[in-house]
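Notes follow the structure.
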Amino acid sequence: METLINEIALLLRTRRVALGWTTAELAETLGVSRPRVQKALDDMRELGYGLSATGAGAIRITRAPDRMIDTEILAGLKTRIFAKNLHCYNRLGSTNTRAIELAESGAAEGTIVVAEEQTGGRGRLGRNWHSPPRLGIWSSVILRPQVPLQRASGLSLLAALAFAHSAESELGLKVDLKWPNDGLIDGRKVLGVLTEVSAETDQVYFAVCGTGINVSHLPTDFPQSLRQTAGSLAMACGYSVDRLAFYRAFLSQFETLYRGFRRDGIAPFLDDYRKRSLLLGHEVIVTQGHLTIQGRAITIDENGALIVRDGRKNTVIFAGEATLREQ
Ligand code: BT5
């Protein structure tokens with residue numbers, strides 16, 4: 001997003017809100033020419049900002065756009081670590097890939113990458129994540145928890161739980177969590193999480209936790225192959241959802257849970273996750289590479305692993321693809 005737009009939006013938002021700013025004042029404060037300010041204001045209208053001018057020519061913001069612009073995401077965001085560094089893109093291959101690059105060059109914990117559109121959005125195991133422009137939240141956060149590798153899979157569960165809390169508190173929606181990384185509403189997948197970790201066995205260097213949240217899609221916005229299984233917050237609510245407000249709520253929830261995780265691990269959150277789990281108590285089939293495990297999903301342990309019981313044998317599964325056997 002253009003820096004000048006961000007700077008103007010920040011000025012219009014944070015200072016002299018009631019009085020507004022004239023073009024001349026904006027130009028002087030930002031050290032650019034008046035025509036450049038005028039052009040940026042036109043571009044802002046184009047983006048969806050509502051701007052009004054008083055008789056004296058003072059400009060004010062009357063409507064924020066539904067756009068992933070730094071200033072708009074940060075307006076009213078209640079986080080301390082998350083989004084202290086925020087990288088917003090119009091179009092990107094994958095926010096996870098970009099976040100991994102940033103993490104490898106030392107980006108701080110809480111750094112966030114978000115894009116309006118992903119052209120190569122990734123799911124697990126080389127699968128694709130459909131990420132069309134402006135319909136969802138395609139975002140990744142860099143985390144640096146001081147935990148051994150096996151505890152890092154808890155991060156996907158945490159992100160899914162944060163999604164469930166925000167959908168419930170912001171929109172009154174009930175979310176079912178399907179281990180390890182799906183959030184479903186009315187049986188349709190609305191959330192997918194992809195956590196990628198750089199680590200040695202006893203220490204995680206960084207984890208990038210990517211979340212894809214379908215927000216504004218109508219059924220026809222999904223490709224034919226996803227129409228039976230995918231859903232969006234708007235489809236679940238029956239009305240349009242404020243994408244940025246939901247994103248802010250999600251980031252704030254996720255950070256709160258993550259701070260707890262850094263202190264006490266996943267254990268304090270497990271009961272909450274288990275309560276929302278689609279699989280626990282049911283007969284399941286889990287595939288893990290060439291391996292297929294069948295049995296009853298009995299619990300999720302403190303590493304975030306699924307425990308499946310077949311007769312008297314328990315199998316601990318760290319990653320895999322689970323389906324209900326009754327389906
Ligand atoms: C996931 O993988 O569910 C993880 C998706 C993570 C996406 C985020 S977006 C931001 C960040 N940057 C990235 O590049 N990725 C992350 P998996 O469990 O493998 O599920 C993938 C499967 O879900 C696909 O094979 C499709 O069947 C289905 N799918 C693809 N796009 C979808 C969508 N938008 N909504 C619902 N289902 C989808």
Side-chain angles (χ1 to χ4, degrees), residues 68 73 82-83 86-103 111-143 153 155-160 162-164 167 175-197 207-236 243 246-247 250-251 254 278-279 286-289 304 306 317-323:
M68 292 293 179
I73 295 170
F82 283 24
L86 178 59
H87 300 254
C88 298
Y89 293 87
N90 247 331
R91 186 184 291 135
L92 207 55
S94 152
T95 56
N96 261 38
T97 306
R98 180 71 192 120
I100 289 170
E101 287 167 5
L102 289 167
T111 297
I112 281 181
V113 178
V114 61
E116 288 286 17
E117 175 186 10
Q118 293 185 121
T119 50
R122 298 193 280 112
R124 293 176 303 147
L125 305 169
R127 287 184 288 241
N128 294 325
W129 184 257
H130 181 244
S131 327
R134 298 183 57 193
L135 294 183
I137 298 167
W138 325 126
S139 148
S140 304
V141 60
I142 297 172
L143 302 171
S153 44
L155 293 170
S156 287
L157 273 60
L158 222 55
F163 170 74
V175 176
D176 296 312
L177 299 178
K178 181 163 160 276
W179 180 93
N181 70 330
D182 290 358
L184 286 85
I185 304 178
D186 304 328
R188 290 172 175 276
K189 179 161 168 174
V190 176
L191 164 85
V193 185
L194 174 66
T195 301
E196 297 179 289
V197 180
V208 163
C209 188
T211 43
I213 302 174
N214 301 328
V215 179
S216 307
H217 304 60
L218 300 176
T220 48
D221 290 319
F222 291 106
Q224 209 43 271
S225 59
L226 295 177
R227 273 191 207 160
Q228 301 305 316
T229 54
S232 70
L233 293 175
M235 282 163 63
R243 200 164 54 119
F246 189 82
Y247 187 34
F250 168 71
L251 289 179
F254 193 4
L278 262 185
L279 303 180
V286 188
T287 52
Q288 209 184 16
L306 181 70
I317 308 166
F318 282 94
E321 205 61 53
T323 46

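Just follow the structure's listing: the first ligand is 1, and inside any ligand the first atom is 1.
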Hey, does Lys189 come in under 3.5 Å of ligand 1, counting only N/O atoms on both sides?
yes
Number the atoms of ligand 1 from 1 as they appear, then name those within less than 4.0 Å of a heavy atom of Ala230, with their elements.
35 (N), 36 (C)
Sub-3.5 Å donor-acceptor pair from the side chain of Ser139 to the main-chain atoms of Val114, do we have one?
no
Atoms of ligand 1, numbered as shown, that sit under 4.0 Å from any heavy atom of Asn181
1 (C), 2 (O), 3 (O), 4 (C), 18 (O)
Under 4.0 Å from a heavy atom of Ser140: give me the atoms of ligand 1 that qualify, with their elements.
11 (C)
Residue, atom name and distance, where the atom is the protein heavy atom closest to atom 9 (S) of ligand 1
Gln118 NE2, 3.4 Å
Has ligand 1 got any nitrogen or oxygen that is less than 3.5 angstrom from a nitrogen or oxygen of His130?
yes
I need the nearest protein heavy-atom contact for atom 26 (C) of ligand 1: residue, atom name and distance, please.
Leu226 CD2, 3.6 Å
Taking Phe222's backbone N and O only, do any of them form a donor-acceptor pair with Arg227's side chain (distance below 3.5 Å, no angle check)?
yes
What atoms in ligand 1 come closer than 4.0 Å to a heavy atom of Gly121?
14 (O)
Those atoms of ligand 1 less than 4.0 Å from some heavy atom in Val193:
4 (C)
Side chains of Arg122 and Thr97: any donor to acceptor distance under 3.5 Å?
yes
Has the side chain of Thr220 got a donor or acceptor atom that lies under 3.5 Å from a matching backbone atom of Leu218?
no
Looking only at protein heavy atoms, what sits closest to atom 35 (N) of ligand 1 is Asn214 ND2, 2.8 Å
What residue and atom, counting heavy atoms only, is the protein's closest point to atom 15 (N) of ligand 1, and at what distance?
Arg122 O, 2.8 Å
A student comparing Glu321, Arg124, Lys178 should find that the heavy atom closest to atom 17 (P) of ligand 1 comes from Arg124
Distance from atom 37 (N) of ligand 1 to nearest protein heavy atom, with residue and atom
Trp129 CZ3, 3.7 Å
Check for a donor-acceptor pair, side chain of Trp138 on one end and backbone N or O of Pro133 on the other, with a separation under 3.5 Å.
no
Say whether, by atom type as modelled, one donor and one acceptor occur between the side chain of Glu117 and the main chain of Asn90 under 3.5 angstrom.
no
Give a yes/no on ligand 1: does Thr95 have at least one heavy atom closer than 4.0 angstrom to it?
yes
Without swapping roles, check the side chain of Trp179 against the backbone of Gly304 for a donor-acceptor pair under 3.5 Å.
yes
So, does Asn214 use its side chain to make a donor-acceptor pair with the main chain of Ala230 at under 3.5 Å?
no
Backbone N/O of Val193 and side chain of Asn181: donor-acceptor pair under 3.5 Å
yes
Ser139 heavy atoms within 4.0 Å reach ligand 1 at atoms 10 (C)
Which of these passes side-chain contact (heavy atoms from CB on, under 4.5 Å) with Val175: Ile185, Leu191, Val190, Asp182?
Ile185
Among all the protein's non-hydrogen atoms, which is closest to atom 25 (O) of ligand 1, and how far away is it?
Arg127 CD, 3.4 Å
Heavy atoms from other residues, nucleotides or ligands near CZ of Arg91 exceed 12 (cutoff 6.0 Å)
no
Starting from atom 8 (C) of ligand 1, find the nearest protein heavy-atom neighbour and note its residue, name and distance.
Gly212 N, 3.6 Å
Among protein heavy atoms, which lies nearest atom 24 (C) of ligand 1, and at what distance?
Asn128 O, 3.4 Å
